[in-house]
Protein chains: 2
Amino acid sequence: MAAKQRAASNPESGVLSQHKVISLETLRVACKNCSLSSLCLPMGLSPEDTERLDDIVRHARPLHRNDFLFRAGDRFRSLYVVKTGALKSFAPCPEGGEQVLGFHLPGEIIGLDAIDKELHVCSAKVLETSAICEIPFARLAELTATIPSLQHQMFRLLSKEIGHDTEMLLLLGKKSAEERLAVFLLSLSQRLQKRGLSASDFYLSMSRHEIGNYLGLAVETVSRIFTRFQEDGLMCVDRKHIQLLNLPALEALIGSTGQNRRQQQQ
Amino acid sequence: MAAKQRAASNPESGVLSQHKVISLETLRVACKNCSLSSLCLPMGLSPEDTERLDDIVRHARPLHRNDFLFRAGDRFRSLYVVKTGALKSFAPCPEGGEQVLGFHLPGEIIGLDAIDKELHVCSAKVLETSAICEIPFARLAELTATIPSLQHQMFRLLSKEIGHDTEMLLLLGKKSAEERLAVFLLSLSQRLQKRGLSASDFYLSMSRHEIGNYLGLAVETVSRIFTRFQEDGLMCVDRKHIQLLNLPALEALIGSTGQNRRQQQQ
DNA sequence: CGTTCCTTTGACTGCACTCAACTTCAGTGG
DNA sequence: CCACTGAAGTTGAGTGCAGTCAAAGGAACG
């Protein structure tokens, strides 16, 4: 296999670690883009409306590894947009333990599931030092009531989240361990690429444990399949450092294997 | 085990079969309640606003078994509220076959996942003769823009759907086959009870195949576990006719078995 | 009344889990 | 600097839950 190469940067800092300390003004400008990308860009808000939206966004100081953005049971007040870094959200299981619900990369929104009960039903924990924008929901709701295209954008955002969960249901209900890992890696790859980063060379900010929990697999299974993928020349793994060497082969693994775990319906 | 007792009504008609042919006026009045229960009741819309909402609701003629409400790929125009009957929604798998995403009983809304792309990504098929209200989304969006509490109600509705999907993720990721079936039965039970029907005696409108597909299990596993539950005195099964004989025991099965399939995290 | 679908049951198999040992690495303090 | 400690990851051996294959009995439907 190709020689494992150590990264110059600190492996611990993980995905997107190149964004380190950022001046407040930089963050402010960047965050304008950030709310833009999630809420405005797709619908093309007018500059004035974008300004109004940006005015209600709060820019919190950076959070660090293992900090909680919020905990299950907390009162819901705001949505959050990841500017840099990475988080995981997870729900406590009745019997103890937890179910990882998702990993959140820059540009992605957290907290949509809490609108219903005005209560956070899951917790959000920081995986690596992160900058996060806060959008007070009450003020956002005022804005959406006066900006129809923003309202529509919010509907779309919520609907998109449902669509994403749907894909996960299919993944957990019908796919083999190999397929789940392949989907996971490609999802990360695509989301990073969307942010202008390498689609084939990145750091994982989450542990094998968390990956396994997220995908409904045991840690050992994750480890074994990473090893197998490496043996097959699909990727190169060095601790948290991942290099995808054969994207087309990974994509082929997802759909056309014909080796699904569970039978088809009807 | 207890003698299997035949039901007087036609088993094929399934859940809620007692609602048969309904006069147009009855349906109209009923549907007012229907949109009320899903959209208005929890927020307490004013009578005038409720009237405005009811005005845009269309009352389609009843659909019959195997009819499609919409198909994956159809242009998205409306949300639908089940008045009577039952439907399933399912997504096509890349390799052929399908993933059942949910079963929809009276009072429940269908189509929220299509708002994002303005395209239905899943299909909805009628399981038993059903009356369904159509809510044109464009007109609904106009209304929500002028009625803040309705807007908030829509946000809540979408958020609730995300929360429901989250529960399903936990179910598929961490629960054993027995637990999945228990959750499924109790979910049906509670939803029927909410509509004023028996929580312990009902008909399934879906096949074992569809249940298994929904829960990520093989048909044979569903059948076997139904048999086992019956042997244990938890329920009485006669084809589609279900009687839950020991609700507390079923509930106990869900959380406290300590026999989960996959290990806990961290 | 034949065809087809649905359901159930049995026998067998295999994927992924569990248990366990070992290695590596990070952090801590002597 | 190095031993100690604990967390994280890897690997191997064994096992069990649920899937697959197969067959047969019923129900539904034309």
Side-chain angles (χ1 to χ4, degrees), chain A residues 1 4 6-7 10-14 65-66 97 127-128 171-181 203-213 215-231 237-242 257-266, chain B residues 1 4 6-7 9-14 64-66 97 127-128 171-181 203-213 215-231 237-242 257-266:
Chain A
M1 211 44 43
K4 302 179 180 183
R6 306 254 154 212
N10 175 11
E12 171 56 29
S13 56
R65 177 165 175 81
N66 290 330
L127 293 174
E128 60 179 271
L171 191 71
L172 294 183
K174 299 252 179 307
K175 304 292 190 178
S176 70
E178 272 197 4
E179 288 174 299
R180 295 184 204 193
L181 259 304
Y203 283 85
L204 299 175
S205 48
M206 68 294 286
S207 70
R208 306 284 195 272
H209 235 112
E210 290 162 328
I211 296 172
N213 186 306
L215 297 174
L217 299 171
V219 201
E220 296 93 329
T221 304
V222 175
S223 180
R224 271 186 257 270
I225 291 182
F226 272 3
T227 303
R228 198 185 311 162
F229 279 176
Q230 193 165 219
E231 287 167 355
V237 187
D238 176 30
R239 314 211 103 251
K240 306 259 184 205
H241 185 201
I242 301 290
T257 51
Q259 289 280 45
N260 296 23
R261 248 166 29 97
R262 294 185 164 88
Q263 67 181 88
Q264 306 305 327
Q265 195 262 342
Q266 282 190 352
Chain B
M1 215 37 49
K4 299 180 180 181
R6 308 252 155 214
S9 62
N10 176 11
E12 170 53 31
S13 55
H64 300 99
R65 180 167 172 79
N66 290 331
L127 293 174
E128 61 179 273
L171 190 71
L172 294 183
K174 298 253 178 308
K175 304 291 189 179
S176 70
E178 272 197 2
E179 289 175 299
R180 295 184 204 193
L181 259 304
Y203 284 84
L204 299 176
S205 48
M206 67 294 287
S207 70
R208 305 283 194 275
H209 233 114
E210 289 163 328
I211 296 171
N213 186 305
L215 297 174
L217 300 171
V219 201
E220 296 92 329
T221 303
V222 175
S223 181
R224 270 187 259 270
I225 291 181
F226 272 4
T227 302
R228 198 185 311 161
F229 279 175
Q230 192 165 220
E231 286 166 357
V237 187
D238 176 31
R239 314 214 102 252
K240 307 261 184 204
H241 185 201
I242 301 289
T257 52
Q259 287 280 43
N260 294 23
R261 252 169 23 101
R262 295 184 163 90
Q263 67 180 88
Q264 306 305 328
Q265 193 260 342
Q266 281 190 352

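Order of the sequence lines fixes the chain letters, A, B, ..., with proteins taken first and strands second; residue numbering starts at 1 for each chain. Computed over heavy atoms, backbone and side chain alike; hydrogens, waters and symmetry mates excluded.
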Would you check if A/H209 and A/N213 make a side-chain contact, meaning some heavy-atom pair closer than 4.5 Å?
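With C-beta onward as the side chain, the pair stays apart.
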With the side chain counted from C-beta on, respond yes when B/L217 and B/L181 share a heavy-atom pair under 4.5 Å apart, and no when they do not.
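The answer is yes, as the side chains (C-beta and beyond) meet within the 4.5 Å cut-off.
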Figure out the [atom1]/[atom2] separation between [X] and [N], and round it to whole Å.
{"X": "A/I211", "N": "D/dA8", "atom1": "CD1", "atom2": "P", "value": "13 Å"}
{"X": "B/R208", "N": "D/dG25", "atom1": "CZ", "atom2": "P", "value": "19 Å"}
{"X": "A/R228", "N": "D/dT10", "atom1": "CZ", "atom2": "C1'", "value": "14 Å"}
{"X": "A/R239", "N": "D/dA8", "atom1": "CZ", "atom2": "C1'", "value": "7 Å"}
{"X": "B/K174", "N": "C/dC17", "atom1": "NZ", "atom2": "C1'", "value": "13 Å"}
{"X": "A/I225", "N": "D/dT10", "atom1": "CD1", "atom2": "C1'", "value": "14 Å"}
{"X": "A/H209", "N": "D/dT10", "atom1": "NE2", "atom2": "C1'", "value": "14 Å"}
{"X": "A/D238", "N": "D/dA8", "atom1": "CG", "atom2": "C1'", "value": "14 Å"}

Between D/dT10, C/dC17, C/dT9, spot the one nearest the side chain of A/L217, thanks.
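Among the listed nucleotides, the one closest to the side chain of A/L217 is C/dC17.
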Any idea which of C/dT9, D/dA18, C/dC17 is nearest the B/S176 side chain?
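It is D/dA18.
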Just how far is it from atom CG of B/L204 to atom CG of B/L127, taken to the nearest 0.5 Å?
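B/L204 atom CG to B/L127 atom CG measures 10.5 Å (nearest 0.5 Å).
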What is the distance from atom CG of B/L215 to atom CD of B/E179, rounded to the nearest 0.5 Å?
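Between B/L215 CG and B/E179 CD, I get 12.0 Å after rounding to 0.5 Å.
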Close N or O pairs between protein and nucleotides 19-23 of chain C (under 3.5 Å):
residue: C/dC19; atom: N4; partner: A/E220; partner atom: OE2; Å: 3.1

Would B/L171 and A/L172 satisfy side chain to side chain contact (heavy atoms under 4.5 Å, CB included), going step by step from the backbone distance to the final call?
CA-CA 9 Å; B/L171 190 71; A/L172 294 183; over 6 Å; no
Return the set of residues passing side chain to side chain contact (heavy atoms under 4.5 Å, CB included) with A/R224 (not counting sequence neighbours), or none when no residue passes.
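Testing A/R224 for side chain to side chain contact (heavy atoms under 4.5 Å, CB included), a comparison that skips the adjacent residues, returns A/E220.
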Would you say a side-chain N or O of B/T221 is under 4.0 Å from OP1 or OP2 of D/dC17?
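It does not, given that no N or O in the side chain of B/T221 lies less than 4.0 Å from OP1 or OP2 of D/dC17.
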Rounding to 10°, can you tell me the angle the first-five-pair axis of the helix from C/dC1-D/dG30 to C/dG30-D/dC1 makes with its last-five-pair axis?
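Result, rounded to 10 degrees: 40°.
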